[in-house]
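Residue numbers start from 1 in every chain, and the chains themselves are labelled A, B, ... in the order their sequence lines are given, proteins ahead of strands.
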Amino acid sequence: MRKCRTSPFFFVFLCVCYAHSYDISDYLNIMAASRWKTNRAKVALVLSGGAARGLAHVGVVKCFHEKTLPLNLVVGTSVGALVGAFYATGMDISEIEKIGADLNWNKLIEYKITPSRILNLTSIVSNEKMGELLTNYIGDKSFSDLKIPFICVACDLRTGEKIIFKEGKLIPAVRASSSIPGIFEPVPYKHRLLVDGGVVDNVPTDIAAEEGADIIIASWTGGSRVMDKTENIIAVLTQVISISGTLISLQDLKKADVVIEPDLRDVSPLDLDKFQELSAAGYRACSDKSGQILHLFLMKTLEKVKKEGESH
Amino acid sequence: MKKFFSSGRFGLGVSAIFAALSLTMSSCSTVNIFRHSPLKMASYLEEKGDTEGAVRVLRGAAVSPRGSKKEKTEVMLALSAIYEKKNDVVSAINVLKETEELNKSDLLIGMKLGELYLKTGLLDEAEREFVRLEATEVKTASLYRGLGEIYYRKHYFYKASGYFSEYLRIYPDDRDALYKFYEMQESLGNYSRARSALASASSALPEKEFSVALAVNWMRDNNPDEAIEELAQMTEKYPELSFFMGLAYYQKGQDEKALEYFSKENPQYRDEADFFKAMILWGSGEKEEAAEIFKNLSEKEKFADYCSVFLPPQK
């Protein structure tokens, strides 16, 4: 511990007047958490795909947690499934941040390409390391063990069907949902061969609606940045996926009541090393919308209180 | 020995020592000893109200080729302090930045710079400065308070709470810090921790404000009984607090009792009391009377949206 001359009472000048002012929304919020508990609006947070860009979701869930925003369901696809699953297990945000900060491609992938194998490959990299990562943090958990209800989406590579996971073991579901086709190996599951859910549903707002969410908040980290030059094969593949993902997502985004869109214009889907920047962008974007989310929540809750009153 | 002192050799020795001393003193006097210290001169001028003169002296000393790095650092810190007193925070910051360049190992400069950035509202710059200090293992109350304040203002309450906790371990009676800690804990949903911070900061709050804050805290913690107990005596002294009493009874589901308090004369919380009164009337089937209240309140901006839920859609 180094010594430093300080001026501990410097902050005296920062003193504020101590009269806290309350607002009607404070009182409504108190009632929504107690007397109107059964009428509380159900809020779903939908986390999109977006490869490394999706790490911005960490900032979004951090904001939900810190601002104690109402949350009843998390739905995720691809990297959104990964972040959503961690959060739904009740994992401490600082731990999720640590995982995000430690991520790099070398930790995730194991190159498989050798000249003799190139025509028989199903992916460029093996899934083993991703599997290890999930096992370390999620362990043997099932959907029923989660603190917050969670759903994730994958795609059956054989039939193109959308596969929705909401029960059973968590790891195969999250692994399948985040297996970017061509880059990670497809995940065999029962009689299916599963890849990234972003192929068929990059922002699963429809699932949130089917689950009866009154308010759907979409955190959208897809979108395709401008690719200035032809980069490596993984960059080309992820760019192709983001372009198609963006196109299919536009309709889904319309179903969201609030869209949180972090400013990721300078981040590519491969920039795993930009975690701090990504997470901060997610937090900022969510903070900007937190007032709107709370207002919407109170409005919908009042509507439900009214509806219940009418039925009596 | 006696012989030595009585001999002329002793007198010769003493004279030689005096001669050497006087030579040293005269050489010192030409260099330093009798030169006026710029800090003293600036202080004298400042006392006489000649701040510009003080700035000139310190500026001159700062650019002078004479003086050690340590002396120059002190001069520049003094110059920055004068600018700060003059409320010229930009100049104060610029001088501190120059000083930091001159003496990167002096952590006080970084600390002062961080504090000034914070004072000016330059939160990102202040954060950068404090984080840099933190990385050098500085662990002082000022640093904790500085980082806590930055994150508090940025609304990063988890991070801010950590630093405030550390700070409050050193200064457990700092009421400003306690009050902010209470606000953050309340916002994070840690109602019990918020309550104890509020109790510790109670002397900083007027009696009425404290009572309201505590009652709202209990209600947030879904404990209206405690809120009622807290407010029971206060409503006699401050009749306007009857709204909060009504709110606690409404939370409990005791609508008649709530209605009684919401109906009391209360200009300060009239609209809020009317809103919940209308909610009770609406719930008990007296929809027309409720609609009338909602309609009146809907003309007020902060109630408009919420009241619109209970009113027929406007054409």
With a 4.5 angstrom heavy-atom cut-off, which part of [X] approaches chain A: side chain, backbone, both or neither?
| X | value |
| --- | --- |
| B:Phe210 | neither |
| B:Met184 | neither |
| B:Ser284 | neither |

Quiz prompt | Main-chain N/O of A:Lys67 paired with B:Ser187 side-chain donor or acceptor, under 3.5 Å | solution = no

Self-check item: Residue, of A:Arg35, A:Lys306, A:Lys62, A:Met31, that accumulates the most heavy atom pairs under 4.5 Å with chain B
Solution: A:Arg35

Quiz item: Just wondering, more than 12 heavy atoms not from B:Lys208 lying within 6.0 Å of its NZ?
Solution: yes

Practice problem: Would you check if the distance from the ring center of A:His295 to the ring center of B:Tyr306 is below 6.0 Å? | Solution: yes

Exercise. Could you walk me through whether B:Val212 and A:Tyr22 pass side-chain contact (heavy atoms from CB on, under 4.5 Å), step by step?
Key: CA-CA 10 Å; B:Val212 169; A:Tyr22 298 99; 3.6 Å; yes

Exercise. Sort out for me which of B:Tyr144, B:Phe244, B:Phe243, B:Phe157 touches chain A most, counting heavy-atom pairs under 4.5 Å.
Key: B:Phe243

Between [atom1] of [X] and [atom2] of [Y], what distance do you get to the nearest 0.5 Å?
| X | Y | atom1 | atom2 | result |
| --- | --- | --- | --- | --- |
| B:Lys154 | A:Ser287 | NZ | OG | 11.5 Å |
| A:Ser34 | B:Lys252 | OG | NZ | 12.5 Å |
| A:Ile24 | B:Cys307 | CD1 | SG | 8.0 Å |
| B:His155 | A:Cys63 | NE2 | SG | 11.5 Å |
| B:Lys159 | A:Glu66 | NZ | CD | 9.0 Å |

Self-check item: Partner residues of B:Glu226 under the side-chain hydrogen bond (donor to acceptor under 3.5 Å, both in side chains) criterion, sequence neighbours left out
Solution: none

Quiz prompt | Residue list, side-chain hydrogen bond (donor to acceptor under 3.5 Å, both in side chains) with A:Lys141, at least two apart or on another chain | solution = none

Practice problem: Sort A:Asn29 into side chain, backbone, both or neither according to what part of it lies under 4.5 angstrom from a heavy atom of chain B. | Solution: neither

Taking the side chain as every heavy atom from C-beta outward, state whether [X] and [Y] have any atom pair closer than 4.5 Å.
| X | Y | answer |
| --- | --- | --- |
| A:Ser25 | B:Lys302 | no |
| B:Phe310 | A:Leu302 | yes |
| B:Tyr269 | A:Tyr27 | yes |
| A:Ile30 | B:Val216 | yes |

Practice problem: May I ask you to decide if the ring planes of A:Trp36 and B:Phe276 are parallel, tilted or perpendicular, using 30° and 60° as cut-offs? | Solution: parallel

